[in-house]
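Notes for the one structure printed next.
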Amino acid sequence: MTVLKIYKYPHPVLRAKCETVTNFEDPTFRQFVQDMEDTMYDCTGAVGLASPQVGNPIRMVLIDVTASGDKTAKKFLVNPEIVQKSKNKNVREGCLSFPEYLANVKRAMKVTVVCQDEHGNNQEYQVEGLEAIAVQHELDHLDGVLMIDRVNSLKTDWIRRQGPSSQG
Amino acid sequence: MKKAVVSGIGHDRPGIVAGFTQVLFRHGCNIEDSSMTILGPEFAMILIISMADTVSEEAVAADLEVLEKELGLSVAFKPLQLPAAPAAATNNLTPYMISVSGHDRTGITYEVANLLASFQINITDLNAQSITGEADSSVYIMMVEAGIPQGFDFGPLETAFKDLETTLGIEIRYHEIEPVAL
Ligand SMILES: [Zn+2]
């Protein structure tokens, strides 16, 4: 079991434009899939993790909004693309790369995402609520977009964390 | 009708707003606009007041001076010149959020404000914080709200931002502020 280091802002890897995954058989990639899983489940309460956050700028994220630790609900989204979105609502989210803060941002409450899974099989997911928020947050990471970029006011939308809550 | 701007800064404690507003009420001054904030241990407020021409500005200022001693505040009172014509037209300005961040160092605020001024961009709000970033470094985050005229050419501004990013080792990003749809 390998728990990778999670990079915090302003580490430059968080601003990287991530590369498409093409070789699903590559042993380095197989190992990375396992390491990413180990890393996310090592963070209590984490509901998502994007590859660049652990220093590997490839287009893959891991989501599990149950945060239960049993790993059955985990979804690897590889080369994901959002193809449909509902209207935006204001939500509050956290990020492992800004561990002390929460941000009020606008996110769609329902999204449809097409992607591949960690084995390269095509998938389409319709997700809503927390899972939809997590998908949008993690996909932003693949384009080097961070929650600080989605905030409209430091005074009202950028909040110092009081206690633990779900993050990604 | 005449107007004045009143400001007060002092160690935060209960009774500051009450003390101020009591003086204003006693003199029949009307509070037209106000802004208050707490920064660290300090409370700061700025008020625009209006009063009838018969009200003595000296008397209001004198009573505020008493408050200054009672509450341990720094108070300023300044009669406001009413502009003959409306100041710079603000109705064709689009609000933008310019966010600046990077390892904490002196001069970031000045350099950015100076650059914006050189492009005749008016700052309407500015908030800043230091947060703990990668490897426990201190990261400065600043968000500047500014009005940018329609049809503004962003090319030269972007070049100037890039230069400043390199010189100061910071990130500068901007986006139009979406109006809240109600
Ligand atoms: Zn994140």
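These values consider heavy atoms only, across backbone and side chains, with no hydrogens, waters or symmetry-generated copies. Proteins come first, then strands; the chains are lettered A, B, ... in the order of their sequence lines, and each starts at number 1.
Interface check for chain A: of the options B/Met97, B/Glu171, B/His175, the most heavy-atom pairs under 4.5 Å are formed by B/Glu171.
Using a 4.5 Å cut-off between heavy atoms, B/Thr37 makes no contact with chain A at all. Proximity to chain B is absent for every atom of A/Lys87, based on heavy atoms less than 4.5 angstrom apart. In this structure, no portion of A/Leu14 lies under 4.5 Å from any heavy atom of chain B. Within the 4.5 angstrom heavy-atom criterion, no atom of B/Ala135 approaches chain A.
The aromatic rings of A/Phe29 and A/Phe24 stand perpendicular to each other, their planes meeting at an angle above 60°, with 30° marking the opposite boundary. Classified by interplanar angle (parallel below 30°, tilted 30° to 60°, perpendicular above 60°), the ring pair A/His11/A/Tyr7 is tilted. Relative orientation of the A/Trp158 and A/Phe98 rings is perpendicular, given thresholds of 30° and 60° on the angle between their planes.
With A/Asp64 contributing its side chain and A/Val47 its backbone, the two residues share no donor-acceptor pair below 3.5 Å. Side-chain N or O atoms of B/Asp33 include none that pairs as donor or acceptor with a backbone N or O of B/Ile48 at under 3.5 Å.
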